[in-house]
Structures are given as structure tokens and as C-alpha cells.
Asks: 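Starting off with a structure, shown below.
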Amino acid sequence: MPEADKEGARYFTDQPQSTPGFYLKGSHQLDWGMKNRMARVFDPSSGRTVMLAIDHGYFQGPTTGLERIDLSIVPLLPQCDALFCTRGILRTVIPAECRKPMVLRASGGPSILREELSDEQIAMDMADAVRLNAAGVGIQVFIGGEHETRSVHNMTKLVDAGLNAGVPVMGITAVGKNMVRDAKYFRLACRIIAELGAHYVKTYYVEDGFETVTASCPVPIVMAGGKKLPELDALTMAYNAVQQGAAGVDMGRNIFQSEAPAAMIAAVGAVVHKNMKPKEAFELFNALKAQGAQGAMRAA
Ligand code: 5RP
């Protein structure tokens with residue numbers, strides 16, 4: 001016999017059920033599964049993320065620092081909030097015991113050997129993202145590029161599939177080899193990507209007017225790292241980006257090509273989640289570097 005429902009104080013009839021909002025910009029009306037996946041990527045306590053981008057092999061092959069992902073990247077996993085990688089690397093190298101959220105590269109086509117990189121197609125089925133328990137997928141969008149319409153259409157198809165499955169889509173402002181990088185361009189590109197349904201946008205930092213890029217984009221922006229800079233410069237760029245409205249970073253080369261990647265990701269984490277100033281974060285980097293990888297791991 002089922003246990004009888006008991007009347008009494010446990011119904012808290014004097015307390016209305018709570019109606020929590022959601023901490024990420026433009027995400028409050030998403031369904032539960034979407035929000036839950038976003039909350040795995042963006043730390044709810046800071047509202048920000050340190051994603052480690054290691055997807056470069058999808059068009060560059062064995063990029064410097066990613067020749068042996070088992071040796072260079074797997075030890076860094078405890079220190080990131082999420083990993084951005086290809087499904088090939090996920091299946092072959094990333095241990096399935098890893099509890100970190102995985103965001104999967106879902107576009108591809110031309111290799112670095114081609115002059116025109118915008119000739120991409122969707123390179124992964126959403127069903128496979130779900131099978132792999134992905135927390136999201138990412139795709140290049142070449143606004144102004146030769147194959148602009150196709151790359152926009154690739155993204156909108158992926159967004160439709162993502163909405164169907166509850167998997168958020170990160171649209172990436174792809175600049176190819178020669179496109180202009182200024183606030184005017186990134187405002188345009190980020191806004192188009194968000195208007196067409198991406199759940200968050202990855203874009204580059206610009207010195208002049210980055211806050212107008214984040215302000216006019218209705219969904220969270222994560223800062224792309226770009227080519228390797230001296231550590232203090234990379235930490236300064238990450239600091240400025242989050243202070244000017246970015247919801248974190250998706251950085252690759254500036255972490256895994258650092259002379260001390262574990263120390264660098266810890267310093268980036270302090271900038272992103274604790275608003276640590278660049279100089280202080282650089283001192284942290286140097287201190288952790290001096291202690292070796294173990295020191296950086298303890299700081300995580
Ligand atoms: C380019 C990408 C990359 O493949 C990658 O994620 C870039 O990372 P980084 O520039 O920080 O090395 O998304 O748009």
C-alpha cells in the first residue's frame with residue numbers, strides 16, 4: 001500500500017515557490033537542458049568560464065603544443081572549466097572518466113594549405129554530440145568571407161539541431177587569414193551570430209571599443225586567445241576582456257604554448273574568476289612556474 005500523504009507544515013503554504021532567474025545574459029528563457037549545459041561551462045559563482053581551446057588540429061594538424069595531447073593537455077584538464085576540442089581527440093585521447101564539460105568543434109573543411117578558409121561545412125551530427133555527452137558545440141562563422149552565406153547557414157542548421165537536442169551552440173567570429181579586426185567588424189559579426197540563434201559567441205579582443213562589442217551582443221561573449229603573446233600581455237588582454245563585459249575566455253595557444261602551461265592556466269583562472277589584476281596574475285604565474293607543474297596544480 002502506498003504511504004499516505006500527510007497534512008502539515010511541510011507544505012509551507014505561506015511560502016511561494018521560488019522562481020529563480022538565470023545568471024547568463026540572454027539565456028534566461030532557454031529550456032532546462034540548455035541552461036544546465038551552459039551552467040556546466042560557465043561557473044555559476046563567477047558567471048564566467050576558462051575554456052581551454054585545443055581544436056586547432058581540425059584544420060592545422062599537429063599544432064605546436066598539441067603534438068601529444070595525452071601528455072600536454074590531459075594533465076591540464078583539472079584546471080579548466082571546459083575543453084573545446086574535436087570529437088576525434090575526445091574519443092581517442094581524452095579519458096572518459098573526465099568530468100569536465102566538453103564543447104565540440106562542429107565545422108571543418110579547408111586545411112591550412114588553402115588560401116580561402118571560409119569554405120567550411122558542418123562536420124558533426126548533433127546526434128553524435130549528444131552521444132558524446134557534449135556540453136555544447138562550436139562553429140566558425142565567416143561574416144564578410146567568401147563563403148559567408150554558407151557558413152551562416154551552417155550555423156543556423158546547427159542551432160536548429162542544438163535547440164532540438166538541448167545542446168548550446170557557440171558561434172565563432174572567424175576572420176580567416178586577412179580580414180580586418182576592429183570593434184566595428186566584431187560588433188557586426190557578433191550581433192549577426194547572436195541574432196541568428198547562437199547561445200554564446202567566441203570573438204577576438206580589440207583594444208579600442210571591445211565594451212561596445214559585448215554591450216551590443218545579447219548573449220555571453222568568450223574571448224578568443226589568438227596567436228601566442230608574452231604571458232603578461234595575454235593576461236592583460238584576458239583581464240581587459242572580462243572587465244569590458246566578456247563572460248570568460250576560450251584560449252588555446254596562449255596557454256598550451258606558454259613555457260609553463262599549468263602556471264598560465266592557473267593565472268588566467270585568477271584573472272577570469274577572481275578579477276586578479278594582470279601584474280598580480282603575472283607574479284602568480286612566475287611563482288607557480290618556479291614551483292613546477294605540481295605547484296600550479298595545487299593552486300587550481
Ligand atoms: C579559431 C578557433 C581555433 O581553432 C582555436 O580555438 C583558437 O584558439 P587560440 O587562438 O586561442 O589558439 O576557434 O577561431
Side-chain angles (χ1 to χ4, degrees), residues 41 49-67 69 72-73 76 80-90 101-112 114 116-120 122-124 134-145 147-148 151 154-155 158 169-181 185-186 189-190 193 198 200-206 213 221-231 233-238 241-242 246 248-258 261 264-265 267-269 271-272:
V41 172
T49 186
V50 175
M51 290 174 69
L52 177 57
I54 61 151
D55 60 312
H56 306 58
Y58 93 97
F59 77 114
Q60 291 192 167
T63 306
T64 305
L66 298 179
E67 299 87 343
I69 289 175
S72 61
I73 300 297
L76 299 180
C80 68
D81 293 303
L83 189 71
F84 182 42
C85 66
T86 60
R87 62 174 167 181
I89 288 299
L90 187 71
M102 300 291 155
V103 179
L104 300 178
R105 157 66 58 186
S107 64
S111 76
I112 191 76
R114 306 297 293 265
E116 180 51 54
L117 295 178
S118 70
D119 189 15
E120 286 198 350
I122 292 180
M124 202 181 83
V137 293
I139 182 163
Q140 303 298 98
V141 186
F142 293 85
I143 299 298
H147 299 277
E148 176 184 66
S151 85
N154 288 342
M155 189 198 82
L158 203 64
V169 173
M170 173 173 77
I172 303 167
T173 60
V175 288
K177 286 184 178 169
N178 308 311
M179 277 157 68
V180 191
R181 299 178 178 208
Y185 172 76
F186 288 123
C190 292
I193 288 172
Y200 51 111
V201 179
K202 168 172 170 169
T203 197
Y204 291 94
Y205 181 73
V206 283
V213 179
I221 282 189
V222 290
M223 186 205 76
K227 66 173 198 285
K228 173 75 176 72
L229 301 170
E231 277 77 3
D233 293 354
L235 291 167
T236 303
M237 183 171 74
V242 294
V249 300
D250 183 19
M251 273 172 118
R253 287 164 287 177
N254 276 295
I255 292 173
F256 63 72
Q257 291 179 352
S258 165
M264 187 59 181
I265 196 169
V268 171
V271 164
V272 168

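Throughout, numbering of the chain's residues begins at 1 and tracks the sequence. Order of appearance sets the numbers: ligands from 1, and atoms from 1 within every ligand.
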Asks: How close do V50 and G269 get, heavy atom to heavy atom, and via which atoms?
Replies: CG2-CA, 3.9 Å
Asks: Pull out every atom of ligand 1 sitting under 4.0 Å from any heavy atom of Q140, numbered as shown with elements.
Replies: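 Within the 4.0 Å cut-off of Q140, ligand 1 contributes 1 (C), 13 (O), 14 (O).
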Asks: Identify the residue among V103, D250, L83, D81 that makes a side chain to side chain contact (heavy atoms under 4.5 Å, CB included) with V41.
Replies: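 Only one of V103, D250, L83, D81 forms a side chain to side chain contact (heavy atoms under 4.5 Å, CB included) with V41, namely V103.
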Asks: Can you check whether C190's main-chain N or O pairs, donor with acceptor, with T173's side chain at less than 3.5 Å?
Replies: no
Asks: When you compare ligand 1 with G226, is there at least one nitrogen or oxygen pair between them that comes in under 3.5 angstrom?
Replies: yes
Asks: Where is the tightest heavy-atom contact between M155 and G171, given as atom of each residue plus distance?
Replies: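 For M155 and G171, the tightest heavy-atom pair comes out as SD-CA, 4.4 Å.
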Asks: Which ligand 1 atoms does R253 reach within 4.0 Å, using its non-hydrogen atoms?
Replies: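 Those qualifying, in numeric order: 9 (P), 10 (O), 11 (O), 12 (O).
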Asks: Using heavy-atom distances only, which candidate in R105, Q60, Q257 approaches atom 2 (C) of ligand 1 most closely?
Replies: R105
Asks: Would you say T49's side chain and G248's backbone share a donor-acceptor pair under 3.5 angstrom?
Replies: no
Asks: Within the 4.0 Å heavy-atom shell around A53, which atoms of ligand 1 are there?
Replies: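 Answer, ordered by atom number: 6 (O), 8 (O).
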Asks: Distance under 4.0 Å to a non-hydrogen atom of M251: what atoms of ligand 1 satisfy this?
Replies: 11 (O)
Asks: For atom 4 (O) of ligand 1, what is the nearest protein heavy atom, given as residue, atom name and distance?
Replies: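 For this ligand atom, the closest protein heavy atom is D55 OD2, 2.7 Å.
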Asks: Who's the nearest protein heavy-atom neighbour of atom 8 (O) of ligand 1, and how far?
Replies: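 Going atom by atom, the protein heavy atom closest to atom 8 (O) of ligand 1 ends up being H56 NE2, 3.2 Å.
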Asks: Tell me, please: is N254 in heavy-atom contact with ligand 1, that is, under 4.0 Å?
Replies: no
Asks: Does at least one non-hydrogen atom of K227 fall below 4.0 angstrom from an atom of ligand 1?
Replies: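 Contact absent.
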Asks: Should one rank A234, G252, A224 by closest heavy-atom distance to atom 11 (O) of ligand 1, which comes out on top?
Replies: G252
Asks: Which atoms of ligand 1 are found less than 4.0 Å from any heavy atom of Y204?
Replies: 1 (C), 14 (O)
Asks: Whether the side chain of S107 engages the backbone of E120 through a donor-acceptor N/O pair (distance < 3.5 Å, no angle test) should be reported.
Replies: no
Asks: To the nearest 0.5 Å, what is the distance between CD1 (I139) and NZ (K202)?
Replies: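 Separation between the atoms: 13.5 Å.
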Asks: Output yes when a side-chain donor or acceptor of R253 lies under 3.5 Å from a complementary backbone atom of T63, and no otherwise.
Replies: no
